[in-house]
Peer 1: 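Pasting in a structure now, in structure tokens, and then I'll have a few things to ask.
Every heavy atom of this structure was used, including side-chain atoms; hydrogens, water molecules and symmetry mates were not.
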Amino acid sequence: MIRTVVRFVKHSPDPASGAWDAALGWLALALYLLWAMSTLEFNPARFITGLDNGAKFIHRMLPPNFERWDLLVKGLTESLQMAFLASFLGVLISLPLGLLAARNLLPAVITWPVRLVIIACRSFHPVIVAIICVKAVGFGALAGIIALTVASVGFVGKLFTEAIEEISMKQIEAVRATGASFMNVVIFGVMPQVMFRFIGFS
């Protein structure tokens, strides 16, 4: 019994070391925040000026002015159309990308380049992509649709890939045993298992 207690005390974590770890973590965070504020040229004068500008901005929005309601409706309709088209195109592009990126269906020489495309779509902020699209095609709805499509491909493509990689391989092996082609394996072995999840993601 005494040996068990001694062994437990020896292997139990030291509460003092945990406190030191937490203190070091908070200190590192504080130092990083100070460094970040110094690189951003943050100072109290700019902060007070920003509060004043923010108050003026909110004051101009209140009370709302609906005299140009036709312009508001047009802008809202255009935004909804852009969102719908971008989502539709994103899902349409993500479906083949998700299949090609699934490591349980294809070899690494195919999956890794496709996964890099999905990762690239997820890595860039939509605003950065929008700026690039504006530079490429000019201002308008097309630039917004392209930017939102890229964001959708990064998001939905990852979900599609993960859904395919979680399926049961028994059905895939059964379909392959009949000598079916890759497309038949996808249609009869993969899609029945993931169709409802794909619909939910979409």
Side-chain angles (χ1 to χ4, degrees), residues 1-59 61-62 79 83 86-87 90-91 93-94 97-135 143-144 146-169 194 197-198 200-202:
M1 180 68 181
I2 295 173
R3 288 180 181 178
T4 305
V5 172
V6 170
R7 191 178 301 135
F8 175 76
V9 171
K10 281 184 178 179
H11 294 288
S12 62
D14 184 13
S17 65
W20 274 107
D21 292 344
L24 288 174
W26 283 109
L27 179 63
L29 179 62
L31 291 174
Y32 173 75
L33 288 175
L34 290 173
W35 174 79
M37 289 196 314
S38 66
T39 58
L40 296 174
E41 299 178 0
F42 178 83
N43 57 65
R46 287 188 65 186
F47 181 72
I48 293 170
T49 304
L51 287 177
D52 186 51
N53 291 336
K56 290 178 181 177
F57 180 73
I58 294 173
H59 180 70
M61 290 194 301
L62 299 174
S79 298
S87 299
V91 170
I93 297 169
S94 296
L97 289 181
L99 288 168
L100 293 174
R103 287 175 290 192
N104 56 344
L105 295 182
L106 292 166
V109 69
I110 297 175
T111 59
W112 273 109
V114 180
R115 293 174 85 89
L116 287 176
V117 171
I118 296 174
I119 291 169
C121 291
R122 289 172 57 83
S123 299
F124 294 103
H125 196 280
V127 175
I128 303 299
V129 179
I131 293 171
I132 296 171
C133 293
V134 166
K135 187 68 175 175
I146 295 172
L148 292 174
T149 300
V150 171
S152 297
V153 168
F155 179 72
V156 181
K158 180 178 182 293
L159 294 177
F160 281 4
T161 302
E162 290 176 350
I164 294 171
E165 288 181 342
E166 291 172 1
I167 62 175
S168 171
M169 293 302 294
V194 296
R197 294 188 68 183
F198 279 12
F201 294 151
S202 303

Peer 1: Taking side-chain contact (heavy atoms from CB on, under 4.5 Å) as the test, write out the residues that go with Ser168, two or more places apart.
Peer 2: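 Testing Ser168 for side-chain contact (heavy atoms from CB on, under 4.5 Å), a comparison that skips the adjacent residues, returns Lys170, Gln193.
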
Peer 1: Between atom CD1 of Ile131 and atom NE2 of His125, what is the distance when rounded to the nearest 0.5 Å?
Peer 2: 10.0 Å

Peer 1: Starting at OG1 of Thr39, measure out to CG of Leu34 and round the result to the nearest 0.5 Å.
Peer 2: 11.0 Å

Peer 1: Less than 4.5 Å apart, any side-chain heavy atom of Arg122 and any of Ile119?
Peer 2: no

Peer 1: Please evaluate residues Phe155 and Leu159 with respect to the criterion side-chain contact (heavy atoms from CB on, under 4.5 Å), reporting the C-alpha separation (whole Å), side-chain torsions for both, the decisive distance (0.1 Å), and the verdict.
Peer 2: CA-CA 7 Å; Phe155 179 72; Leu159 294 177; 3.7 Å; yes

Peer 1: Give me the atom names and distance for the closest heavy-atom approach of Ala163 to Ile167.
Peer 2: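 Taking Ala163 first and Ile167 second, the nearest heavy atoms are O-CG2, 3.4 Å.
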
Peer 1: Which atom names give the shortest non-hydrogen contact between Ala101 and Ile118, and what distance separates them?
Peer 2: CB-CD1, 4.1 Å

Peer 1: Any idea which heavy atoms bring Pro126 and Ala147 closest together, and the distance?
Peer 2: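 Heavy atoms only, the tightest pair is O-CB, 4.1 Å.
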
Peer 1: Return yes if some donor-acceptor pair links the side-chain N/O of Asn104 with the main-chain N/O of Ile164 below 3.5 Å, else return no.
Peer 2: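 Yes, the answer is positive, given that a donor and an acceptor are paired below the 3.5 Å cut-off.
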
Peer 1: Does the pair Glu165/Arg115 count as a salt bridge with the N-to-O cut at 4.0 Å?
Peer 2: yes

Peer 1: Taking all non-hydrogen atoms of both residues into account, name the closest pair between Ser152 and Ser87 and its distance.
Peer 2: OG-CA, 4.2 Å

Peer 1: When rounded to the nearest 0.5 angstrom, what distance separates CG in Leu24 from CG in Leu29?
Peer 2: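 Nearest 0.5 Å value for the CG-CG distance: 12.5 Å.
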
Peer 1: For a side-chain contact (heavy atoms from CB on, under 4.5 Å) check, start with the C-alpha distance between Ile132 and Lys135, then their side-chain angles and the critical distance, and finish with the verdict.
Peer 2: CA-CA 5 Å; Ile132 296 171; Lys135 187 68 175 175; 5.6 Å; no

Peer 1: Which residues satisfy the side-chain contact (heavy atoms from CB on, under 4.5 Å) test with Val153, sequence neighbours excluded?
Peer 2: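 Scan of Val153 (side-chain contact (heavy atoms from CB on, under 4.5 Å), adjacent residues dropped) gives Ile93, Ser94, Leu97, Cys121, Thr149.
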
Peer 1: Give the intermediate values and the outcome of side-chain contact (heavy atoms from CB on, under 4.5 Å) for residues Val91 and Phe160.
Peer 2: CA-CA 9 Å; Val91 170; Phe160 281 4; 4.2 Å; yes

